[in-house]
K.L.:
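Provided herewith is a single structure, encoded as structure tokens, for subsequent inquiry.
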Number of protein chains: 2
Amino acid sequence: MTTSGQVRHDLIATLEDSGFRLTAPRRRVADSIDGQADAFTAEDLCDSVPGVGRATVYRTIKLFVEAGALCKLAMPDGAPKYSLSKIGHHHHTVCVRCGKVGDFRDSTVERMLRSLVKEVDGQIVGHRMEVYVDCSDCSTS
Amino acid sequence: MTTSGQVRHDLIATLEDSGFRLTAPRRRVADSIDGQADAFTAEDLCDSVPGVGRATVYRTIKLFVEAGALCKLAMPDGAPKYSLSKIGHHHHTVCVRCGKVGDFRDSTVERMLRSLVKEVDGQIVGHRMEVYVDCSDCSTS
DNA sequence: TTACTCCTGATACAGATTATCAGTAGCAAA
DNA sequence: TTTGCTACTGATAATCTGTATCAGGAGTAA
């Protein structure tokens, strides 16, 4: 649980920078994201901001994802979760048992994509990648 | 559009090999998959086999995915599509405009995963990857 | 044929998200 | 500081992608 308020501040700054209004519900959602450990579902967020409508929570999440402040990632069964984007573009490891999310540096991924340019038909416009792990905490318990 | 019947034959053989019954609805679904160009949605298939129930179409798709005859892949917005698995384990490129699916050799991907082993916390148990492209047909039209 | 199941279709349900829409509240200008 | 525009909100319905249920039907082995 991060309680520094830094995350909250950054999220709100993201809204300002993108020209969106700083409303009370959005502040509360930002506040709640600041308090989430690891990856969370949209429903987790809804539960943690009682009084804020579900639609508004989903809309706010979408704003943050589009602004790059949150990442939408997929669990092995395809179920979506969200996590903070600490660094610009990166990829995730997700523990299939506890759901803990990790980042990894993606220089190798980028190198791979560069080598794919020669192999694919057309322009590469994006990619999606998740690596599923059995994390050390889970595998020793 | 493939009309060779080879795909249909292979799908039906997959059912036999897995010990499932060869029913008329399943044959019709296999037939329809044979007629699909590139990636298709479950709903596309439902539309192409009138008279076969939606639930049966979804159940049959699931059988093929579990048997490895079909791949479930995700579009950039997360919407699922299905495509034939021509080779064992591989990855896809998906054209974000026309939906055309391509494969690429994954030696580079495997090399990347090996290098990630050192970097991640725990055992890698799986991964998911899609590369989105603007294919040559679309970008010149 | 028989008989045993698996399979089917219709339908209801589920989970995640988006659309709708009337009312509310930011925020900039006066 | 009031006004006024319009983005934003919450409630709710609808959508999309499936899955559960269940009574009846069709494969398949004997």
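Order of the sequence lines fixes the chain letters, A, B, ..., with proteins taken first and strands second; residue numbering starts at 1 for each chain. Keep in mind the model is a prediction, meaning the values are calculated, not measured.
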K.L.:
Looking at B/Arg8 and B/Asp31, is there a salt bridge between them, counting it only when a charged N and a carboxylate O are closer than 4.0 Å?
P.N.:
yes

K.L.:
What does the list of N/O pairs under 3.5 Å between the protein and nucleotides 26-30 of chain C look like, with a distance for each?
P.N.:
residue : atom : partner : partner atom : Å
C/dG26  : N2   : A/Arg21 : NH2          : 3.1
C/dC27  : OP1  : A/Leu22 : N            : 3.0

K.L.:
Starting at the 5' end of DNA chain D, which residue's closest nucleotide do you reach first, B/Ala55 or B/Ala79?
P.N.:
B/Ala79

K.L.:
Using a cut-off of strictly less than 4.0 Å, decide whether B/Arg54 has a side-chain nitrogen or oxygen near OP1 or OP2 of C/dG9.
P.N.:
no

K.L.:
Nearest 0.5 angstrom please: A/Tyr132 OH to A/Cys95 SG, how far?
P.N.:
12.0 Å

K.L.:
Roughly how many Å is it from CZ in A/Arg59 to P in C/dA25, rounded to a whole number?
P.N.:
15 Å

K.L.:
Can you see if the side chain of A/Lys62 gets near the phosphate of C/dT17 - specifically, an N or O under 4.0 Å from OP1 or OP2?
P.N.:
no

K.L.:
Mind checking the CG-CG spacing from A/Leu11 to A/Leu84? Nearest 0.5 Å is all I need.
P.N.:
6.0 Å

K.L.:
For the atom pair CD1 (B/Ile12) and CZ (B/Phe20), what is the distance rounded to the nearest 0.5 Å?
P.N.:
15.0 Å

K.L.:
Take the protein atom CD of B/Glu16 and the nucleotide atom P of C/dC7, then report the distance between them rounded to whole Å.
P.N.:
14 Å

K.L.:
First and last nucleotide of DNA chain D touching chain B, 5' to 3', heavy-atom cut-off 4.0 Å?
P.N.:
D/dT17 to D/dT28

K.L.:
Figure out the CG/P separation between A/Asp44 and C/dT17, and round it to whole Å.
P.N.:
11 Å

K.L.:
If you count every heavy atom of other residues, nucleotides or ligands that lies below 6.0 Å from A/Gln123 atom CD, does the total exceed 12?
P.N.:
no

K.L.:
If I take atom CG in residue B/Leu15 and atom P in nucleotide C/dC6, what distance separates them, rounded to the nearest angstrom?
P.N.:
16 Å

K.L.:
Given atom CG of A/Leu70 and atom P of C/dT17, what is their separation to the nearest angstrom?
P.N.:
12 Å

K.L.:
Under 4.0 Å, heavy atoms only, any strand: does A/Gly51 hit a base, just the sugar-phosphate, or nothing?
P.N.:
sugar-phosphate

K.L.:
Taking CD from A/Glu43 and C1' from C/dA14, how many angstroms apart are they, rounded to a whole number?
P.N.:
12 Å

K.L.:
In whole Å, what is the span from the CE atom of A/Met75 to the C1' atom of C/dA16?
P.N.:
15 Å

K.L.:
Using a 4.0 Å heavy-atom cut-off, does B/Lys81 contact any base of the nucleic acid, only the sugar-phosphate backbone, or nothing at all?
P.N.:
nothing

K.L.:
Whether A/Asp44 and A/Lys81 form a salt bridge (side-chain N of Lys/Arg under 4.0 Å from carboxylate O of Asp/Glu) is what I want to check.
P.N.:
no

K.L.:
Does B/Gly19 reach a base, just sugar-phosphate, or nothing at all? Heavy atoms under 4.0 Å.
P.N.:
nothing

K.L.:
Can I get a per-line list of side-chain donor-acceptor pairs under 3.5 Å for residues 57-72 of chain A, giving both atom names and the distance, sequence neighbours left out?
P.N.:
residue : atom : partner : partner atom : Å
A/Tyr58 : OH   : A/Glu43 : OE1          : 3.0
A/Arg59 : NH2  : A/Thr56 : OG1          : 3.4
A/Thr60 : OG1  : A/Thr56 : O            : 2.7

K.L.:
Let me see the working for B/His127 and A/His91 under side chain to side chain donor-acceptor pair (under 3.5 Å), right down to the final yes or no.
P.N.:
CA-CA 11 Å; B/His127 63 278; A/His91 299 89; over 6 Å; no

K.L.:
For a quick check under 3.5 Å, do A/Ser139 and A/Asp134 share a side-chain donor-acceptor pair by atom type?
P.N.:
no

